[in-house]
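Structure, as structure tokens:
Counting starts at 1 for both ligands and their atoms, in listed order.
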Amino acid sequence: MEQNTNPETLSPQGAVYYLFGATGDLAKRKLFPALFSLYKEGKLSEKFAVVGLARRPRTNEQFRSDVYDSIVEFCRYKADDAELWNRFAEHFEYMSLDINTVDGFRELSKLSEQLEAKFDIPGNRLFYLALAPALFGPVSFNLRDGGLLECKGWSRVVIEKPFGYDLPSAQKLNDQLSQVFKEEEIFRIDHYLGKEMVQNIQVIRFANAFFEPLWNNNHIANVQITLSETVGVEDRGGYYDKSGALRDMGQNHMLQMLTMIAMEPPSRLHGEDIRDEKVKVLRSLRNYKSSDEVRENVVRAQYSEGSARGKELAGYRQEDSVNPESTTETYFAAKVAVDNFRWAGVPFYIRTGKRLPVKTTEVVIEFKSMPQNVLFAQRHDLAPNLLVIRVNPMEGIYIKVNAKTPGADNSVQPVAMEFCQSCQIGLNTPEAYERLIHDAVRGDSTYFTRWDEVAQAWEFVDKIAQAWGEDKKDLQSYPAGSWGPEAADKLLAEDGFHWWPVNGQDEDKVIWITNSGK
Ligand SMILES: NC(=O)C1=CN([C@@H]2O[C@H](COP(=O)(O)OP(=O)(O)OC[C@H]3O[C@@H](n4cnc5c(N)ncnc54)[C@H](OP(=O)(O)O)[C@@H]3O)[C@@H](O)[C@H]2O)C=CC1
Ligand SMILES: O=C1O[C@H](COP(=O)(O)O)[C@@H](O)[C@H](O)[C@H]1O
């Protein structure tokens with residue numbers, strides 16, 4: 001069936017949702033709550049069914065009870081939702097199935113036909129693979145061989161990260177998927193693209209006359225992207241120790257945010273046009289040419305024992321399922337160059353780490369300073385103008401400008417004008433997974449990563465990983481609960497810049513003008 005790819009006309013359609021990995025952590029924490037929210041908002045239509053799939057045995061009742069617990073735990077359930085829940089739960093079925101046996105898929109095919117008849121579903125099928133990446137290939141082949149793709153409507157597959165470990169493994173994975181699905185049927189999740197404020201970057205840039213003309217190397221001094229986390233590796237030590245911060249956050253979320261900041265305006269607001277522009281940015285990233293260049297521009301570190309908010313915290317090597325001699329980085333910071341006409345000469349500094357003092361994702365656009373030889377700049381140490389985009393947990397933007405201090409002494413002070421979206425709209429903002437599942441079922445792939453983006457991002461990251469693999473001497477250490485190694489500050493200091501404080505860190509002397517009532 002021809003897919004509708006025009007986002008203007010896309011509306012939710014009835015479908016069967018196949019949740020592979022239905023007994024796993026992601027399903028529990030993100031996917032069930034997202035489906036319930038969509039149902040509550042009327043975005044699922046009544047013509048749907050969800051089939052939970054995993055190896056361990058579960059009755060339908062047990063599965064529904066797991067789903068209920070998850071919705072209650074993750075705050076999507078309110079006291080007056082009981083009737084809604086009962087109707088929602090009727091659409092859930094569970095089937096025990098091992099990905100590696102095609103017989104189970106044939107049985108699933110029969111169950112699908114029954115569910116489509118029962119709920120009047122027009123043959124659309126969404127396969128959500130909340131599974132280890134090694135299973136993406138086998139599950140795709142068995143979906144095809146078990147007859148699941150012979151349906152009257154569309155078939156789409158949603159793939160979780162990580163999409164490979166490096167370019168060759170990602171290529172292999174993609175080759176396997178491409179034997180079964182067309183590119184437009186593959187929806188690769190990067191949940192950062194589902195975040196409200198990441199999507200808002202385009203609007204801030206392209207809908208504001210006082211930003212768009214300044215968005216280039218004539219006016220912007222540098223860009224800073226911070227994704228700091230207070231958590232350690234929790235119960236994902238086994239996965240994380242093989243991945244590290246660069247692959248876990250850098251290859252995907254950080255580079256995707258960078259592309260949203262740096263891309264050219266697309267000719268139309270269509271998914272393919274936006275993704276075309278994003279991939280051009282990735283192609284313009286300057287690859288580090290030698291291991292020395294990597295060491296000069298990229299800092300890596302691992303957390304050691306420390307404390308935060310009065311609590312003692314274990315070092316990374318003491319975490320469950322982590323090699324006690326691990327050299328995996330839990331932090332990295334990099335200076336990245338985008339070699340095109342718009343950005344030549346503007347450094348992009350990116351950093352992420354676990355066990356840092358605050359949880360926040362922020363983008364800071366630092367504008368060039370006023371000429372030093374005129375007017376106020378002669379007499380005052382003027383701070384540069386900033387545009388700060390707060391992505392999470394706080395959502396909003398603020399701009400920092402210079403203004404006269406009230407009074408007679410003619411001094412100048414920085415003033416921040418803040419729009420705090422989360423203070424106003426709060427929990428009503430849809431969660432990233434909710435938005436992305438909704439997009440996938442509408443066939444809108446704008447906020448999913450296309451294969452050429454993934455490949456290009458791996459190419460950039462592989463150069464760093466390769467250099468790191470040669471020699472571990474540059475791996476530094478930082479106490480859990482601190483802001484990471486000093487070398488990350490030096491990256492900016494060498495260029496005459498510094499990291500601007502993020503939300504929750506000490507703000508310098510700024511007067512706030514806010515809409516949040518604070
Ligand atoms: N958890 C998270 O926050 C995030 C996870 N992801 C990604 O999502 C994916 C899933 O993660 P997560 O839920 O944490 O993983 P879990 O280990 O918690 O769950 C894995 C799921 O896969 C099922 N499974 C494993 N082997 C088979 C098999 N042979 N046949 C059928 N089912 C199988 C397991 O069920 P059973 O044992 O019953 O078979 C379980 O339901 C991974 O790719 C991960 O990287 C991405 C971002 C965040
Ligand atoms: O993909 C991942 O993201 C989370 C951080 O996501 P956020 O939405 O809470 O900011 C990170 O903890 C995890 O290691 C990584 O795999």
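- For Ser109, the side chain to side chain contact (heavy atoms under 4.5 Å, CB included) test picks out Glu113, Leu148, with sequence neighbours left out.
- Aromatic ring pairs are classed by plane angle as parallel below 30°, tilted from 30° to 60° and perpendicular above 60°; the pair Phe88 and Phe48 is tilted.
- Judged by distance alone, the side chain of Arg435 and the main-chain N or O of Gly194 form a donor-acceptor pair under 3.5 Å.
- Remark: side-chain polar atoms of Gln505 are paired, donor with acceptor, to backbone N or O of Val502 under 3.5 angstrom.
- For ligand 2, the 4.0 Å heavy-atom shell contains residues Lys161, His191, Tyr192, Lys195, Glu229, Arg236, Asp248, Met249, His253, Lys354, Lys359, Asn392.
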| request: Assess whether salt bridge (charged side-chain N to carboxylate O under 4.0 Å, His left out) is satisfied between Asp25 and Lys28, documenting all intermediate values. | output: CA-CA 5 Å; Asp25 177 69; Lys28 180 174 127 187; 5.5 Å; no
Tabulated below should be the N or O atoms of ligand 1 paired with protein N or O atoms at under 3.5 Å; can you produce that?
{"residue": "ligand 1", "atom": "1 (N)", "partner": "Asp25", "partner atom": "OD2", "Å": "2.7"}
{"residue": "ligand 1", "atom": "3 (O)", "partner": "Arg29", "partner atom": "NH2", "Å": "2.4"}
{"residue": "ligand 1", "atom": "13 (O)", "partner": "Asp25", "partner atom": "N", "Å": "3.1"}
{"residue": "ligand 1", "atom": "13 (O)", "partner": "Leu26", "partner atom": "N", "Å": "2.9"}
{"residue": "ligand 1", "atom": "18 (O)", "partner": "Asp25", "partner atom": "N", "Å": "2.9"}
{"residue": "ligand 1", "atom": "26 (N)", "partner": "Arg55", "partner atom": "NH2", "Å": "3.3"}
{"residue": "ligand 1", "atom": "29 (N)", "partner": "Asp98", "partner atom": "OD1", "Å": "3.1"}
{"residue": "ligand 1", "atom": "30 (N)", "partner": "Ile99", "partner atom": "N", "Å": "3.0"}
{"residue": "ligand 1", "atom": "35 (O)", "partner": "Thr23", "partner atom": "OG1", "Å": "2.9"}
{"residue": "ligand 1", "atom": "37 (O)", "partner": "Arg55", "partner atom": "NH2", "Å": "3.1"}
{"residue": "ligand 1", "atom": "37 (O)", "partner": "Arg56", "partner atom": "NH2", "Å": "3.0"}
{"residue": "ligand 1", "atom": "38 (O)", "partner": "Thr23", "partner atom": "OG1", "Å": "3.2"}
{"residue": "ligand 1", "atom": "38 (O)", "partner": "Arg55", "partner atom": "N", "Å": "3.4"}
{"residue": "ligand 1", "atom": "38 (O)", "partner": "Arg56", "partner atom": "N", "Å": "3.1"}
{"residue": "ligand 1", "atom": "38 (O)", "partner": "Arg56", "partner atom": "NE", "Å": "2.6"}
{"residue": "ligand 1", "atom": "38 (O)", "partner": "Arg56", "partner atom": "NH2", "Å": "3.4"}
{"residue": "ligand 1", "atom": "39 (O)", "partner": "Arg55", "partner atom": "N", "Å": "2.8"}
{"residue": "ligand 1", "atom": "39 (O)", "partner": "Arg55", "partner atom": "NE", "Å": "2.7"}
{"residue": "ligand 1", "atom": "39 (O)", "partner": "Arg55", "partner atom": "NH2", "Å": "3.4"}
{"residue": "ligand 1", "atom": "41 (O)", "partner": "Gly21", "partner atom": "O", "Å": "3.4"}
{"residue": "ligand 1", "atom": "41 (O)", "partner": "Thr23", "partner atom": "N", "Å": "3.2"}
{"residue": "ligand 1", "atom": "41 (O)", "partner": "Thr23", "partner atom": "OG1", "Å": "2.7"}
{"residue": "ligand 1", "atom": "41 (O)", "partner": "Gly24", "partner atom": "N", "Å": "3.1"}
{"residue": "ligand 1", "atom": "43 (O)", "partner": "Leu131", "partner atom": "O", "Å": "2.7"}
{"residue": "ligand 1", "atom": "43 (O)", "partner": "Lys161", "partner atom": "O", "Å": "3.3"}
{"residue": "ligand 1", "atom": "45 (O)", "partner": "Lys161", "partner atom": "O", "Å": "3.0"}

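- In this structure, Arg188 is positioned above the aromatic face of Phe163, its NZ or CZ under 6.0 Å from the six-membered ring centre and within 45° of the axis.
- A cation-pi contact, defined as under 6.0 Å to the ring centre and within 45° of the axis, is absent between Arg300 and Tyr331.
- Scored by the side chain to side chain contact (heavy atoms under 4.5 Å, CB included) test, Asp462 finds Asp166, Leu167, Pro168, Trp458 as partners (sequence neighbours excluded).
- Shown are Tyr68, Phe74, Phe63; of these, the ring-ring contact (aromatic ring centres under 6.0 Å, His included) with Phe32 is made only by Phe63.
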